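Shown next, in structure tokens, is the structure this report addresses.
Since this is a predicted model, take the numbers as computed values, not measurements.
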Amino acid sequence: MRVLFVCMGNICRSPTAEGVFRHLLKREAPELQIEIDSAGTTGYHIGDPPDERSQRAARRRGIDLSDLRARQVTADDFARFDLILAMDRDNLQRLEEMRPPRSRAQVRLFLEYAADPGPLEVPDPYYGDANSFEEVLDLTTSASRGLIAALQKVA
């Protein structure tokens, strides 16, 4: 199984989702063999590390994002990944527009996996305060646990 997390610039939400999912997978379901990556629908930040505020908030929870680098979604991603998870509806729409014909990848909103019925979009914390980055961590943690549970059922 291969999972790709996607936001707009790949410096806040999707690298946080990648880091949280990787961290929880290692701790809670090491038996699952899953390739994980993140990308952005735009190329604004290619090669950049995650936003320092994202890194700082994740570090406080024992999650290291420092080795991640932003990249843009490519047509090859739709063949390489089984599940492509968008952080919000705008990026979901962009992914659907980028999707090559006959792609078998599932493209969904990440928060569809969250246990609690609540928002379906991870809000962009870029222009927010420190609490915005904490909210992203909370939402991606909930959805990551739900995704792990779903993957364990089909493993």
Side-chain angles (χ1 to χ4, degrees), residues 1-25 34-58 61 63 65 68-154:
M1 173 63 78
R2 294 178 185 101
V3 179
L4 180 66
F5 298 98
V6 179
C7 68
M8 187 175 73
N10 193 214
I11 61 167
C12 294
R13 296 172 291 173
S14 56
T16 297
E18 177 185 354
V20 166
F21 186 70
R22 189 179 306 279
H23 178 78
L24 291 175
L25 195 61
I34 301 174
E35 181 182 325
I36 307 158
D37 198 3
S38 62
T41 55
T42 66
Y44 300 142
H45 302 286
I46 292 174
D48 292 347
D51 186 288
E52 181 54 41
R53 297 165 297 172
S54 291
Q55 290 191 57
R56 192 169 33 252
R61 297 188 190 198
I63 301 166
L65 306 178
L68 302 179
R69 294 295 176 266
R71 71 175 189 85
Q72 189 171 6
V73 173
T74 68
D76 290 342
D77 288 328
F78 292 89
R80 181 173 165 213
F81 291 93
D82 304 297
L83 188 56
I84 300 176
L85 298 171
M87 298 298 119
D88 60 37
R89 286 181 181 93
D90 286 342
N91 285 295
L92 180 66
Q93 181 179 345
R94 286 185 182 122
L95 287 166
E96 290 295 356
E97 290 167 0
M98 299 167 84
R99 181 199 276 270
R102 296 181 296 281
S103 166
R104 292 191 186 148
Q106 288 185 52
V107 180
R108 301 176 62 177
L109 288 170
F110 182 38
L111 290 188
E112 290 178 21
Y113 288 98
D116 299 326
L120 283 178
E121 298 185 302
V122 179
D124 190 345
Y126 190 79
Y127 294 105
D129 60 13
N131 290 333
S132 301
F133 291 88
E134 294 296 331
E135 180 183 14
V136 169
L137 281 161
D138 291 342
L139 292 169
T140 58
T141 297
S142 175
S144 290
R145 284 203 165 104
L147 177 56
I148 289 169
L151 294 173
Q152 285 174 319
K153 288 179 184 174
V154 298

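Between F21 and L147 the shortest heavy-atom distance is CE1-CD2, 3.5 Å. Shown here for S54 and I11, the closest heavy-atom pair between the two residues is OG-O, 3.8 Å. Residues L109 and M87 share a closest heavy-atom pair of CD2-C, 4.5 Å. The two residues P50 and P15 make their nearest non-hydrogen contact at CG-CB, 3.9 Å. Minimum heavy-atom separation, C7 to S14: SG-OG, 3.1 Å. S144 and V20 get closest at one heavy-atom pair: OG-CG1, 3.7 Å.
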Checklist line | Worked verdict on R71 versus D37 for side chain to side chain contact (heavy atoms under 4.5 Å, CB included) | finding: CA-CA 10 Å; R71 71 175 189 85; D37 198 3; 2.9 Å; yes

Note to self: Apply side chain to side chain contact (heavy atoms under 4.5 Å, CB included) to residues H45 and N10 and explain how you reach the verdict.
What the structure shows: CA-CA 7 Å; H45 302 286; N10 193 214; over 6 Å; no

Next item on the list: Could you please spell out the steps behind the salt bridge (Lys or Arg N to Asp or Glu O under 4.0 Å) verdict for E96 and R99?
Entry: CA-CA 5 Å; E96 290 295 356; R99 181 199 276 270; 3.0 Å; yes

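The backbone N or O of D88 lies less than 3.5 Å from no partner atom in the side chain of N91, so there is not a single donor-acceptor pair. Without hydrogens or angle criteria, D138 side chain to T141 main chain gives no donor-acceptor distance under 3.5 Å. Judged by distance alone, with hydrogens and angles left aside, the side-chain atoms of D82 form a donor-acceptor pair with the main-chain N or O of R2 at under 3.5 Å. Using modelled atom types, no side-chain atom of Q72 and backbone atom of G40 make a donor-acceptor pair closer than 3.5 Å. Within the 3.5 Å criterion, the main-chain N or O of R89 finds a donor-acceptor partner in the side chain of E121. Side chain of T16 to backbone of L137: no donor-acceptor contact under 3.5 angstrom is found.
Remark: I84 CD1 to D77 CG distance equals 6.0 Å, nearest 0.5 Å. The CD1 atom of I34 sits 9.5 Å away from the CG atom of L83 when rounded to the nearest 0.5 Å. Considering CE of M1 and CG of L151, their distance stands at 5.0 Å, rounded to 0.5 Å. Distance check: L120 CG to R108 CZ gives 10.5 Å after rounding to the nearest 0.5 Å. In this structure, CE on M98 lies 11.5 Å from OG on S103, to the nearest 0.5 angstrom. A distance of 10.5 Å separates CD in Q55 from SG in C12, rounded to the nearest 0.5 Å.
Between I148 and Q152, some side-chain heavy-atom pair lies under the 4.5 Å cut-off. The side-chain heavy atoms of F78 and V73, taken from C-beta on, include a pair separated by under 4.5 Å. Side-chain contact between T140 and F5 is absent, with no heavy-atom pair separated by less than 4.5 Å. Proximity of S132 to Y127: side-chain heavy atoms (C-beta onward) are nowhere separated by under 4.5 Å.
Annotation: cation-pi geometry satisfied between R53 and Y126 (NZ/CZ under 6.0 angstrom from ring centroid, within 45° of ring axis).
Residues passing the side-chain hydrogen bond (donor to acceptor under 3.5 Å, both in side chains) test with R80, sequence neighbours excluded: E35.
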